[in-house]
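Labels below follow one simple rule: chain letters A, B, ... track the order of the sequence lines, proteins then strands, and each chain is numbered from 1. Nothing here was measured: the structure is a model prediction, and the numbers come from that model.
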Amino acid sequence: MKFNYSPAPNYRSALSTKRIMLELLLGLLVVYAFSLYYYATHFGTPYLMQALIIMAVSVGSCVLTEVVWALANKKNVISYLTGSFPWITGVILALMMPISIHWYAVAISAVLCILFGKLVFGGFGQNIFNPAAVGRAVIFAAFTGLTTADIVTSATPTTVMASTYSWCVTDASMVSALLDSVGGLQNLLFGFYPGALGETSALLILIVGVVLAIRKVIDWRVPVVYIGSVFVLTSVMALYKGMGMWYPVYHILTGGLFFGAVFMATDPVTTPTSAAGRVIYALGCAILTVLIRVKANLPEGVLYSILIMNACSPMIERVCDCEQIKGLKTSLITFACVAVLGLGSGVLAIHAVEPAKKPEPKPEPKPVTVNKDSKFVQDFKATVNGSTDNGDGSITYAISCEGYAVMDHDGEPNELEITVKDSAVVSVKVVKAMDTEYIGDRITDADFREQFVGLTLEDLEVEALSGATISSSSVLKAVMTALEQ
Amino acid sequence: MSLFKGPMRTHLNGHKDLTEHGEVVSLNPSKVSIPLFAGADTNPEILVNVGDEVKVGTKIAQFSSRFVIPVFSSVSGKVEAIEDQLHQSLKKVKHVVIASDGKFTKESNPTIDYEKASKEELVDFMMNAGIIGCGGAGFPSYVKYKFAKDVEKLIINAVECEPYITSDYKTVELHFDEMLLGIKAMQKMCEPKEVLIAIKKSHPELIQFVNEKLNGEKDIRCVSVPDVYPMGWERTLVYELTKKRYDKLPAEVGCVVNNATTAYMFGKAMTTGEPIVSRMLTVSGDGVKEPKNVEVPVGTSFHEVVEACGGYTGEDMVVCFGGPMMGGTVTTDAVSVERQNNALTVLKKQAIDEVACLRCGSCSDHCPSGLQPVRINQAAKLKDNERLGKLRVDKCIECGMCTYVCPSKIAVTENVRRAKRAYMMANAKK
Ligand code: SF4
Ligand code: SF4
């Protein structure tokens, strides 16, 4: 019989750090799944592959770095890793990457962030800066040019706002132009726009965040105060400058604020431990985010503000060292002072910013047209494969005509069915479009095809699809051949 | 839970159903060893000699240097020895060993009629009957009443917030009338505006039982409190019922708090003259075969108590006197039951998988004293005494909450406890 000496308490809650980390990982993967879905459906397989590669490289490099570190320090690798959670950093880092990044840049920043963001401080629990944020900052500083050649996306809403509108738009028509260019505020909420992999869908992150907060995986105070304060601060700025309520909404929905507030600012290791400390920390993040955006005109306010506040955490923590009930007043006063300071500097900052001016209207580029004499029309060969008399005086010809695919890589010709009545076109139907996906195959667009209706051999001329003159010419040649029958 | 501080409490899985509705078994040990122990006071006057005949309720010793605390025999029989034995505090303490004759012949001690007695007489009676806090603390109760004035609320604590323990519930259920008598005498002693009997929400049957019994009593009512830990701690309970916080003693906000079993013991002493000689003890946990409540004479060995409950379920055990949150462990079961013990919790030894502190802040959010255990741990590592003072490490009540909530499974409470001792020692030297 053994009676163990075991100082009280001998009772433990079920919640463990390992479970917290697992649930956090699951939350992150949900966000990642959305991103995969978005890139797969809106951009196609190469983009999906790219998103998978970024994640694999990031997580792989993070884990590998810690494995090497554990081996170098003669530690048991498995037990070291299960108490250190490098995959979390890896996933967060990957989710902060733009899709166009080169895997090589991902690998380097992952290694650096684990090494200098975490291990040199003494490993998990000891680091001062959020390792993933360090990794992302490395990319901004050194590798912005290093992108994958064939993956291109348009500018993110935050960059548009920063570069074109300098975070201050008062003119109503410009506001609607801006909002149209990002697909409206509700699109910002749902997140169907290009940006960092996991940062776009504010709504999804909000849902995941609520679940994680209820399950005590993250502290609800940080995202609530962070996002709330950004909203309040930018609302005041909007009022001051006479901008509408769209402005604060734009601020909180873009630039990865939700992602940063839910997944990065809540990283317990790099934030103060007390409730009061966390609230002050989150307020600081909010103020800095807004100031960096508006004053320094940078899109990456969230990232830098979190890093700066990480550095301030030990100081905040010391200020909050007390019996929490007795110290409540001090914390409240500190919070109020920081808030007032933040509001003041926010208003000052926006005061100095000139509202964006309307750009000179550019002359509309003249649309390219194609007709019988166009070069490609003359070059392409069309073959009549058959004809059907429809009985109402119209005849439908099945025609195959060379197009971009044939010219470019000896591919298949496009196949069309053209119906003619009294020497005029009745309809143009594309049976098989063989030209480039998303470019040449737009000859199936109704708007394009309907231009032909009613034309005769004499006035055969249409507006070419932009960027697809060759494919347009192919169709014209087919129509011409049908009319010549 | 608010923005600037945590909830300072949490719900625990109480496992109360293991013992709450079972039968109570009385123990009849052949021998008892009554420890002569009263906290810091180590110098009792021993009133019996080896070979003396004693009865149930015979005074065998008395402490009087700090507070007056008499000690009584719990059986009738013969004093066999007065010797040093291992005590719950894991120190050697003098014990009076009495061989029981099994007859439980009672000593005739004075009784008192509270309706006729004055306040001072009641306080004196309480002191001489050796009524101490039966909820685990063991603090002499008469002190609370001696200086009581301007009392708003007398709170009878039947919260029993530690897991596994149900001995107060059982006492309330089985000895309600004596308890009520004790409460009424206490009411007379401190003259409160109202008397509240606090029971957890999660025990509706008990609340209903008490309400039915109280029918017609004015100024005494039963209140239900949330099922959270440490609801039974004076500070938390007083805050819950008055929304006021105090600095040192509940008297500052007009409250007197006493445990329900204490009230019962007082009531019993007034009617029969019998002081605290035996008590309700919950024996529970996954380490004992038949968890139940037992009525044990003070001085019975833990071993005998566990045997009466079917014995241990394994070989590798953790035995705590009290609940698992605050109860200390003993390294042998040859230790005696004391008057203030309300439970014996026997648990199987669990392996603990500790990882680095996540700095999650959960300990700071839940500490009922509003301390920041994680910061205390850090300051202690750096031996930063000044910071420990700022963090008010001296205010730790060793409630066990911080270890309980810690997801990294760190022994936070033990670290804080050590830091507190080191801090107090360093300060005492100055
Ligand atoms: S043991 Fe002390 S520090 Fe830990 S929660 Fe309880 S009172 Fe707070
Ligand atoms: S609960 Fe444990 S892991 Fe969390 S801050 Fe406290 S000591 Fe660290």
- Query: With chain B, which of Gly125(A), Ser16(A), Gly123(A), Gly83(A) has the greatest number of heavy-atom pairs at distances under 4.5 Å?
  - Reply: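 Winner by heavy-atom pair count: Ser16(A).
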- Item | Options Cys320(A), Ser13(A), Cys322(A), ranked by heavy-atom pairs under 4.5 Å with chain B, top entry |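 When all of Cys320(A), Ser13(A), Cys322(A) are compared, Ser13(A) has the most.
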Per-residue contact mode, [X] against chain A (heavy atom under 4.5 angstrom):
X         : answer
Glu162(B) : neither
Ile376(B) : neither
Val405(B) : backbone
Cys357(B) : backbone
Leu347(B) : side chain
Ser369(B) : backbone
Met325(B) : both
Val346(B) : neither
Leu388(B) : neither
Tyr164(B) : side chain
His15(B)  : side chain

Side chain from CB out, backbone as N, CA, C, O: work out which of these in [X] comes under 4.5 Å of a heavy atom of chain B, or both, or neither.
X         : result
Arg318(A) : both
Phe335(A) : side chain
Glu317(A) : both
Val224(A) : neither
Ser84(A)  : neither

- Query: Among Gly322(B), Ala379(B), Gly361(B), Ser362(B), who wins on heavy-atom pairs under 4.5 Å with chain A?
  - Reply: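 Between Gly322(B), Ala379(B), Gly361(B), Ser362(B), the count favours Gly361(B).
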- Message: Given 3.5 Å as the limit, does a donor-acceptor pair link the side chain of Glu398(B) with the main chain of Val416(B), or not?
- Response: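 Side chain of Glu398(B) to backbone of Val416(B): no pair is present.
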- For atom NZ of Lys243(B), is the number of surrounding heavy atoms from other residues, nucleotides or ligands below 6.0 Å larger than 12?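 Yes, the 6.0 Å shell around NZ holds more than 12 heavy atoms from other groups.
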- Query: Any side-chain heavy-atom pair from Met401(B) and Pro368(B) closer than 4.5 angstrom?
  - Reply: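 Yes, close enough: below the 4.5 Å cut-off.
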- Task: Describe, in one word, how the ring planes of Phe259(A) and Phe263(A) are oriented to each other, choosing from parallel (under 30°), tilted (30 to 60°) and perpendicular (over 60°).
- Result: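 Plane angle between 30° and 60°, so tilted.
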- Could you check whether the rings of Tyr11(A) and Tyr404(B) sit parallel, tilted or perpendicular, using 30° and 60° as the cut-offs?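 Parallel: the ring planes of Tyr11(A) and Tyr404(B) meet at under 30°.
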- Query: Does the pair Ile114(A) and Leu119(A) meet the rule for a side-chain contact (heavy atoms from CB on, under 4.5 Å), with working shown?
  - Reply: CA-CA 6 Å; Ile114(A) 288 286; Leu119(A) 296 178; 3.7 Å; yes
- Message: Exactly one of Val91(A), Leu93(A), Ile92(A) should register a side chain to side chain contact (heavy atoms under 4.5 Å, CB included) with Leu95(A). Which one does?
- Response: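 Single pass found, and it is Val91(A).
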- Message: Checking side chain to side chain contact (heavy atoms under 4.5 Å, CB included) between Leu283(A) and each of Ile280(A), Ile287(A), Val279(A), which is the one that passes?
- Response: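 Among Ile280(A), Ile287(A), Val279(A), the one meeting side chain to side chain contact (heavy atoms under 4.5 Å, CB included) with Leu283(A) is Ile287(A).
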- Message: Check for me whether Lys248(B) meets the cation-pi criterion with Tyr246(B), that is, NZ or CZ under 6.0 Å from the six-membered ring centre and within 45 degrees of the ring axis.
- Response: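 Lys248(B) over Tyr246(B) ring: no.
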- Can the ring centres of Tyr281(A) and Tyr226(A) be said to be less than 6.0 Å apart?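 No, too far apart.
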- Query: Any side-chain donor-acceptor pair under 3.5 Å between Asp267(A) and Thr270(A)?
  - Reply: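 Result is yes, a qualifying pair exists.
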- Using distance alone, with no hydrogens and no angle criterion, decide if Asn73(A) and Tyr80(A) have a side-chain donor and acceptor under 3.5 Å apart.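 No donor-acceptor contact under 3.5 Å links the two side chains.
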